[in-house]
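For reference, the structure is listed below as C-alpha cells.
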Amino acid sequence: MVNGEPTDPFNAAKGLGQGEPISPSMLAISMVYLSRNLKVMAEKKAFHYYPRCAKLEITHLYFADLLIFSRGDVSSVTEVQHSFNQFSKASGLQANLGKRSIYFGGVPQAEQELIPSQLRFTKGALPFKYLGVPLSTKKLILIQWQPLIEKIVARLHHGQQKNYPMQEELN
C-alpha cells in the first residue's frame, strides 16, 4: 500500500550494495552497529588502546570519515580488521580502498612494514588533516592551528556582516 492505495509488489530483497546511496538514518543505524562491534572488540585481550585514547576508552571517531584508533601492534590491528570485516559483512558497507590508510606514531619500523602488508592498508604520513585540523602524535603548535582559526574568524565575521534583527538588539 502506498498512500492507502494498493500497488504492484517490488523487490525489497536487494539490500545495500557497494556504491549505492544510503539514507542518513540507515547510515546512522549502521554506525551504531559498528560502534557496538568496536566496543566488544575493545574488551578482548588481543586488543590494546592507542595510548592517548586508553584513559577515555576511545576506539574511533566518526563524522565525515571514520577514524579507528589502536596501539600499533599486529594483534590490535588484526582485531580492528576483524571487527570491521564483521561490520562490512552485516551491513554491506565497505571501506573505500583508495582512502583506507594506516598512520603510525611511536611504532617500531618492523611493525610499520608488517602491518600494512598483512592487512592491505596504505601507509599514510603524519600529520594529516581531519575536518581541517592537522592530526599528529605530537602536540600541535599555533601555526598548525592557524588555518582553522582563520576559517572560524572568517565565519564569525561573515555572521556579523549579516543584518540579523537579534544581533542589532545585542549591540
Side-chain angles (χ1 to χ4, degrees), residues 18-43 47-74 76-77 79-81 83-84 87-88 91 93-109 111-116 119-171:
Q18 190 67 15
E20 292 182 26
I22 182 171
S23 74
S25 53
M26 281 300 294
L27 182 60
I29 291 168
S30 297
M31 297 320 298
V32 168
Y33 175 70
L34 176 61
S35 295
R36 288 182 181 167
N37 273 1
L38 294 172
K39 186 169 179 68
V40 169
M41 171 209 65
E43 294 170 359
F47 176 81
H48 303 98
Y49 286 98
Y50 176 71
R52 294 187 177 174
C53 297
K55 188 175 180 181
L56 297 174
E57 298 181 350
I58 296 172
T59 57
H60 66 288
L61 294 174
Y62 175 74
F63 187 71
D65 292 307
L66 174 66
L67 299 176
I68 301 177
F69 304 98
S70 76
R71 191 166 73 189
D73 57 56
V74 174
S76 295
V77 177
E79 285 298 325
V80 168
Q81 181 73 14
S83 185
F84 192 81
F87 163 76
S88 292
S91 68
L93 299 173
Q94 296 180 353
N96 180 336
L97 295 178
K99 293 183 175 181
R100 186 174 160 171
S101 299
I102 189 165
Y103 299 87
F104 295 99
V107 177
Q109 192 62 38
E111 295 271 349
Q112 289 188 34
E113 293 170 10
L114 178 65
I115 292 170
L119 300 173
R120 299 181 299 146
F121 283 99
T122 302
K123 185 177 174 184
L126 292 170
F128 69 95
K129 287 190 176 186
Y130 181 69
L131 303 176
V133 178
L135 296 183
S136 176
T137 57
K138 298 179 178 129
K139 186 175 180 180
L140 298 177
I141 58 176
L142 181 60
I143 194 75
Q144 292 171 308
W145 286 102
Q146 198 60 39
L148 180 64
I149 293 168
E150 288 172 2
K151 284 181 184 179
I152 292 170
V153 169
R155 287 198 181 175
L156 290 172
H157 182 69
H158 178 71
Q160 289 175 351
Q161 297 299 318
K162 292 184 178 182
N163 194 9
Y164 292 116
M166 181 101 166
Q167 188 176 13
E168 290 176 16
E169 293 172 14
L170 293 174
N171 292 334

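Since the model is a prediction, treat every value here as computed from it, not as a measurement. Hydrogens, waters and symmetry mates play no part in the numbers below; they use all other heavy atoms, side chains included.
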Rounded to the nearest 0.5 Å, what's the gap from OG on Ser83 to NZ on Lys39? Could you check? 13.0 Å
Over-ring placement of Arg100 relative to Phe121, 6.0 Å and 45° cut-offs: yes
Just so I know, are the side chains of Tyr49 and Glu57 near enough to count as touching, which here means a heavy-atom distance under 4.5 Å? yes
Which distance, rounded to the nearest 0.5 Å, do you find between the OH of Tyr103 and the CG of Leu126? 7.5 Å
Using 0.5 Å steps for rounding, measure from the CD atom of Glu113 to the NZ atom of Lys123. 6.5 Å
Donor-acceptor check, side chain of Ser88 to backbone of Leu93, threshold 3.5 angstrom: yes or no? yes
Going from CZ on Arg155 to CD1 on Ile152, what distance comes out if it is rounded to the nearest 0.5 angstrom? 9.0 Å
Given side chains that start at C-beta, do those of Phe84 and Leu34 come closer than 4.5 Å, heavy atoms only? yes
Where do Glu111 and Asp73 come nearest, in terms of heavy atoms and distance? OE1-CA, 3.7 Å
Side chains of residues 58-69: which donor-acceptor pairs under 3.5 Å do they make with residues two or more places apart or in other chains?
| unit_1 | atom_1 | unit_2 | atom_2 | d |
| --- | --- | --- | --- | --- |
| His60 | NE2 | Ser35 | OG | 2.9 |

More than 12 foreign heavy atoms under 6.0 Å from CD1 of Ile143: is that the case here? no
Which distance, rounded to the nearest 0.5 Å, do you find between the CD1 of Ile102 and the CD1 of Ile115? 5.5 Å
Under 3.5 Å, is there a donor-acceptor pair between the side chain of Gln112 and the main chain of Val107? yes
Can you confirm whether Ser101 sits close enough to Thr122 that some side-chain heavy atom of one is under 4.5 Å from a side-chain heavy atom of the other? yes
Less than 4.5 Å apart, side chain to side chain, heavy atoms only: is that true for Val32 and Arg36? yes
Rounding to 0.5 Å, atoms CZ (Phe47) and OG (Ser76) come to a distance of 5.5 Å
ring-ring contact (aromatic ring centres under 6.0 Å, His included) involving Phe104 - partner list, sequence neighbours excluded: none
